[in-house]
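Have a look at the structure below, then the notes.
Within every chain, numbering begins at 1; the chains are lettered A, B, ... in the order of the sequence lines, protein sequences first and strands thereafter.
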Amino acid sequence: MTTAMNNPDQLIAKREELFIRLYKKAFPTVAGYISRRGGSFDEAKDVFQDALVIYYEKTLNADTNETAYLIGIAKYLWLKRYRKNDQNIPLENIDVSADIDDKSPSAKRIMYFLEKAGSKCMELLKGFYYDQLPLTDLASAFGFSGVRSATVQKYKCLEKVRETIKQKALQYEDFME
Amino acid sequence: MKTSWNETRQIDAYLSGSMDTGNALLFEANMILEPALQDKALWQIKAHTAVQQYGRAQLKKEIEAVHQKLFTEPEHISFRQKIRRLFSNL
């Protein structure tokens with residue numbers, strides 16, 4: 001069992017190492033692939049970064065470190081972007097629903113508000129739900145006396161975010177669809 | 001009397017599927033009897049979506065920082081040249 005190896009700062013440092021490694025291993029292949037199909041450097045960067053996000057989210061709990069999977073996601077995103085259906089890429093392992101979502105202007109405003117008004121809550125919730133860090137490590141990183149008070153704070157934050165979104169959404173009608 | 005964070009926890013347990021069948025059925029019955037509870041559950045889903053989007057936005061910033069590092073720092077020059085060559089022969 002690892003102790004205190006999972007606080008948010010250490011996670012960011014670990015992720016930086018991971019992303020540098022994946023960039024070096026996979027970006028040349030993806031960039032070559034996109035360049036041969038007439039894409040630009042900026043397009044290759046864009047597709048690759050989206051692929052990294054999907055790869056990261058998909059493999060957070062799976063113990064894989066497969067460059068091939070990352071490259072597969074990037075190729076899929078490229079093809080989807082330009083609808084070049086003449087290529088055959090095995091898609092069976094790629095979850096289409098994991099595509100990067102673009103948000104409506106009001107969703108962006110709500111997000112901006114949440115970041116400004118409740119960044120500590122958002123960081124705590126992100127640590128728990130998105131980064132999936134253990135509550136014990138989050139408790140010490142956020143200065144709570146223990147797991148129980150971190151748990152209570154987590155739910156209070158979730159409630160605060162929930163009520164903020166509800167309240168703000170009533171002001172921005174296009175948020176609801 | 002439930003405290004509100006406890007109710008939030010219950011909603012979370014229901015949404016995440018970690019409630020056992022009996023409690024989940026009871027919770028669903030409560031949502032029918034108590035529309036405010038159902039309303040909270042719906043907004044809690046949106047709260048989770050917001051947290052997910054927030055996490056993703058932060059992750060994208062980290063990735064962009066890595067990109068900037070690789071494309072500006074001297075120690076990564078050979079990597080940079082390798083990539084540049086791919087886009088220079090048009």
Under 4.5 Å from a heavy atom of chain B, the part of Thr164(A) involved | neither
Using non-hydrogen atoms and a 4.5 Å limit, figure out which bit of Tyr56(A) sits close to chain B: side chain, backbone, both or neither.
-> side chain
Here the gap from Asp50(A) atom CG to Ile63(B) atom CD1, rounded to the nearest 0.5 Å, amounts to 8.5 Å
Would you mind checking which part of Tyr54(B) comes under 4.5 Å of any heavy atom in chain A, side chain (CB onward), backbone (N, CA, C, O), both or neither?
-> both
Contact part of Ile83(B) toward chain A, heavy-atom cut-off under 4.5 Å: side chain, backbone, both or neither?
-> side chain
Partner chain A: residue of Asp12(B), Leu59(B), Asp39(B), Val51(B) with the largest heavy-atom pair count (under 4.5 Å) = Leu59(B)
May I ask whether Leu18(A) and Leu60(A) are part of the same hydrophobic cluster, defined by side-chain heavy atoms of I, L, V, M, F, W, Y residues being less than 4.5 angstrom apart, directly or through others?
-> yes
Measure distances from Leu114(A) to the heavy atoms of chain B and classify the residue's part below 4.5 Å as side chain, backbone, both or neither.
-> side chain
N-O pairing of Lys45(A) and Glu64(B) below 4.0 Å | yes
Nearest heavy atoms of Tyr23(A) and Phe79(B), plus distance in Å = O-CE1, 3.5 Å
Please indicate whether Lys82(B) has more than 12 foreign heavy atoms, meaning atoms of other residues, nucleotides or ligands, lying under 6.0 Å from its NZ.
-> no
If you round to the nearest 0.5 Å, how far is OH of Tyr130(A) from CD of Gln52(B)?
-> 6.0 Å
How many angstroms lie between CZ in Arg162(A) and CD in Gln44(B), if you round to the nearest 0.5 Å?
-> 5.0 Å
With a 4.5 Å limit on heavy-atom distance, are the side chains of Gln58(B) and Ile12(A) in contact?
-> no
Report yes if the side chains of Leu52(A) and Lys60(B) come closer than 4.5 Å at any heavy-atom pair, otherwise no.
-> no
In the single-linkage hydrophobic clustering (I, L, V, M, F, W, Y; side-chain heavy atoms under 4.5 Å), do Ile11(B) and Leu26(B) co-cluster?
-> no
Roughly how far, to the nearest 0.5 Å, is the CD atom of Glu163(A) from the CH2 atom of Trp43(B)?
-> 9.5 Å
Between Phe41(A) and His67(B), what is the ring plane arrangement, given parallel below 30°, perpendicular above 60°, and tilted in between?
-> tilted
Is Arg56(B) paired with Glu57(A) through a side-chain N to carboxylate O contact shorter than 4.0 Å?
-> yes
Anything in residues 143-151 of chain A with a heavy-atom distance to chain B below 4.5 Å? Please list those residues in order.
-> Arg148(A)
Heavy-atom nearest pair, Ile165(A) first then Ala50(B), reads CD1-CB, 3.7 Å
Side chain / backbone / both / neither for Leu42(B) at chain A, heavy atoms under 4.5 Å | neither
State plainly whether one hydrophobic cluster holds both Leu33(B) and Phe27(B), where clusters connect Ile, Leu, Val, Met, Phe, Trp and Tyr through side-chain heavy atoms under 4.5 angstrom apart.
-> no
Is the shortest heavy-atom distance from the side chain of Val161(A) to the side chain of Lys46(B) under 4.5 Å?
-> no
Of all heavy-atom pairs between Ala44(A) and Phe87(B), which one has the smallest distance, and what is that distance?
-> CB-CZ, 3.7 Å
Do the non-hydrogen side-chain atoms of Glu16(A) and Lys69(B) ever get within less than 4.5 Å of each other?
-> yes
Tell me, out of Arg36(A), Glu115(A), Met122(A), who's got the most heavy-atom pairs with chain B below 4.5 Å.
-> Met122(A)
For Glu123(A), is it the side chain, the backbone, both, or neither that has a heavy atom closer than 4.5 Å to a heavy atom of chain B?
-> both
Please report the closest heavy-atom contact between Leu86(B) and Ser35(A), naming both atoms and the distance.
-> O-OG, 2.7 Å
Between Glu7(B) and Tyr155(A), do the side chains contain an N or O donor and an N or O acceptor separated by less than 3.5 Å?
-> no
Should Thr8(B) and Lys156(A) be marked as a side-chain contact (heavy atoms from CB on, under 4.5 Å) after you check the CA-CA gap, both sets of side-chain angles, and the distance that decides it?
-> CA-CA 8 Å; Thr8(B) 307; Lys156(A) 284 186 172 170; over 6 Å; no
Give the C-alpha distance, both sets of side-chain angles, the deciding distance and a yes or no for side-chain contact (heavy atoms from CB on, under 4.5 Å) between Lys154(A) and Arg9(B).
-> CA-CA 9 Å; Lys154(A) 183 188 91 182; Arg9(B) 184 179 65 173; over 6 Å; no
